[in-house]
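Encoded as structure tokens, here's the structure I'll be asking about.
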Amino acid sequence: MKQSDRPSGVSSAVQCEAGGGGTHEDVKVDPDERNDGQQKPGSPEINNNKEKTRSKSSKQRHNHKERTADVKLCGEDENLCESVQVKKRRVKDEESPEKHDKNQSSGRKRKKTSSEHEKAEKNKKTKKDGDQEKKKKAEESDKWKWWEEGKSSDTQKWSSLEHKGPYFPPEYEPLPDNICFYYDGQPMKLSPATEEIVTFYAKMLDHEYTSKEVFQNNFFSDWKEEMTKEERKLIKMLSKCDFSQIHKYFVEKSEERKNMTKEEKQVLKEEASRLMEEYGFCLLDGHREKIGNFKLEPPGLFRGRGEHPKMGKLKKRIQPEDVTINCSQDSKIPAPPAGHHWKRVQHDNTVTWLASWLENIHGRPKYIMLNPSSKLKGEKDWQKYETARRLKMKVDSIRKQYRRDWTSREMKSRQRGVAIYFIDKLALRAGNEKDDESADTVGCCSLRVEHITLHRRLDGQEHVVEFDFLGKDSIRYYNKVPVEKQVFKNLKLFIKHKDPEDDLFDRITTVKLNKTLNECMPGLTAKVFRTFNASTTLQDQLNKLTTGGMTVEEKILSYNRANRAVAILCNHQRAAPKTFEKSMQLLQEKAVRNNHSDDGNRRATSSRLDSRVTRCLMLLEKKEKAVQRLSEQLKKLQLQETDREENKVIALGTSKLNYLDPRISVAWCKKHQVPVEKIYNKTQRDKFAWAIDMTDENFQF
DNA sequence: TTAGAGACTTGGAACAATTTTG
DNA sequence: CAAAATTGTTCCAAGTCTCTAA
């Protein structure tokens, strides 16, 4: 199926920053106003909203499912329904081994290219010490081309694994005597444990977090837990605590650090690389592999995203006694810090992690795992894209199927059909159930009635659904989408007799939905659609936007545009850069000052551009004959500005790293003679080494 | 069937290093 | 050359999805 057949409407998404509170009137959001219009996370509206929501636990919400169970589907489109499918037998999902045959044939011939590029790049950097040079070369020479070996087992992740265990953060260093905590105006010496917790808070003092009540309450109650009896007796109110001297101390310290001499910095750097050398690698099946996060997380205060009910809680220091080590039986078992022991040492080769512990905020496990450049991660990544490509072959019939479901006699089939449609068309996440101990965010299956507004007509379009909800990381999803009439009808049906805080899809869950998907295609789950649609979009856009006579710069611009289309689809947002508004303002001032000629519409996105424009304009004043050339230049700059403007709140990184089959990019680079380095930095090239090595210019997703 | 544990991917912000600009 | 802007890296939170036991 061609991209153009994919349900459209995604690119019209209007994105707003996190924290937008959902009012659900028929409000139009003007892109230019969205910054002003957006709500701060702490605003009353969002709180009200949350309270309402929270007052109904998921259990209660679930009860509603009973209530709606016997809703009758109105007859007009019943006739299509088939007999209820007899229940699903579970299809074991084996990743089909097709993947290797398919790709290696095309991959083999170009094996050399990547290392050639890297060498070329290195030669540029001859100025740096030859020491590192040598190291790099050595590393490169034994880079493990695992993708040239056959497919490895799905269940057994390794046959030998040896490592040094996690690196523990340094012990707490008490404050100097002249730095003090004050309670109720009086200086007070705290026990080291209590003092350490104080420093966590003091360091964050100028962060918005510390002004939030939830944060303060959580912090204070966790802090009290750790106080000595005497301290607890004295310290009764957070508002009487004065951390300002401690805060100042840390500000100065970080200032000092910034002002270190080159030599001092060099020493630190060497120390860090020694650490990396010792703890940063493991030996997996005889190959030295980089670890992703070998440092244990230091203690601190938990900072959730959005309105997290646990923000400010104390994240405790991890002790060796909390840590489970995973390595092979016959390997050198990592030594715990002196006087300590591990919680457990296990030798489970069906998992990929080297160490794990339970984090105390949610009680969930955390892991030390390998770097994305490793075989374990790379192979999985490759497999992910192969699954997405298999979906490409099946998506036609799946789309037919879910459209059929829209008119099913069964409510749950209709809901499932609409949900999969949303997941496919809008790249929504699956939306698992969440407990009430985390921020109130939703995905497709957990959408509530309050998150959509139906418009029979809107802005000249029919059957428009307006989405407004907080998704992963409390990033707001706001979009107005025209949908098929039948979808619209169904949605009206789904929300009938429901309260705003009831589930929109009360008859389905992510598990059931994924089960259905898995029956359509082994390995298919909701998230595959995101990968599939993202990669398809990139491929499509690249094919469309890249034309013959472009310069490399222009091609890269096209690439970024294609990348951006994907980021918009996936709703990947970032906070507008701090300097953005400021430089914008500056430019506008100057524009006013220079108020000459017609181009009132230019907008700066950086002072670099700004100054260039200014310079151009001044010349223009002096030399009339340069007018034409300059205005052309101006146009070009404006183009870049627009580009930047568009990029203001869009983050390209996530899609590039997680959703776009790297082979698309590599093939594009090769086909259009764009050096891969222009598209992928060093880290990215490491992660995608397999793709860079195996892909030729003819690859199409 | 369901809840909970577990393992792995995805995500933006903060921080650090590097490059550009004035 | 210092400051600002940009790019790259680290950090760790927050998702998805599978498996298991009751």
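Chain A is the first sequence line, chain B the second, and so forth, proteins listed ahead of strands; every chain is numbered from 1. From a predicted model like this one, the values you see are computed outputs, not experimental measurements.
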Within the structure shown, what part of the strands sits under 4.0 Å from A:Ala430 by heavy-atom distance: base, sugar-phosphate, or nothing?
-> sugar-phosphate

So does A:Lys434 get a side-chain nitrogen or oxygen closer than 4.0 Å to the phosphate oxygens (OP1/OP2) of C:dA14?
-> no

Ignoring hydrogens and angles, does a donor from either the side chain of A:Arg364 or the base of C:dG15 sit under 3.5 Å from an acceptor on the other?
-> yes

Polar pair under 3.5 Å, donor/acceptor by atom type, side chain A:Lys472, base B:dT10 = yes

Report the C-alpha distance between A:Glu256 and A:Lys253 in whole Å, list the side-chain angles of each, state the deciding distance to 0.1 Å, and finish with yes or no for salt bridge (Lys or Arg N to Asp or Glu O under 4.0 Å).
-> CA-CA 5 Å; A:Glu256 257 172 54; A:Lys253 253 189 130 176; over 6 Å; no

Check every strand shown and say whether A:Asn432 touches a base, only sugar-phosphate, or nothing at a heavy-atom separation below 4.0 Å.
-> base

Aromatic plane relationship, A:Phe215 with A:Tyr209 - under 30° parallel, 30 to 60° tilted, over 60° perpendicular = tilted

Give a yes/no on whether any side-chain N or O of A:Thr352 is located under 4.0 angstrom from OP1 or OP2 of B:dA7.
-> no

On DNA chain B, check which nucleotide each of A:Lys527 and A:His207 is closest to and give me the residue with the more 5' one.
-> A:Lys527

Identify whether any heavy atom of A:Ser356 sits under 4.0 Å from a base atom; if not, whether one sits that close to sugar-phosphate; answer base, sugar-phosphate or nothing.
-> nothing

Among the nucleotides B:dG12, B:dA7, B:dA14, whichever has the atom closest to the side chain of A:Trp353 is B:dA7

Looking across every strand, which nucleic acid part, if any, lies under 4.0 Å from A:Pro372 by heavy atom: base, sugar-phosphate, or nothing?
-> nothing

Would you classify A:Lys315 as touching base, sugar-phosphate or nothing, given that sugar-phosphate means primed atoms plus P, OP1 and OP2, and contacts are heavy atoms under 4.0 Å?
-> sugar-phosphate

Indicate, with a heavy-atom threshold strictly under 4.0 Å, whether A:Gly431 touches base, sugar-phosphate, or nothing.
-> sugar-phosphate

Select base, sugar-phosphate, or nothing to describe what A:Arg429 touches, counting heavy atoms under 4.0 Å on all strands.
-> sugar-phosphate

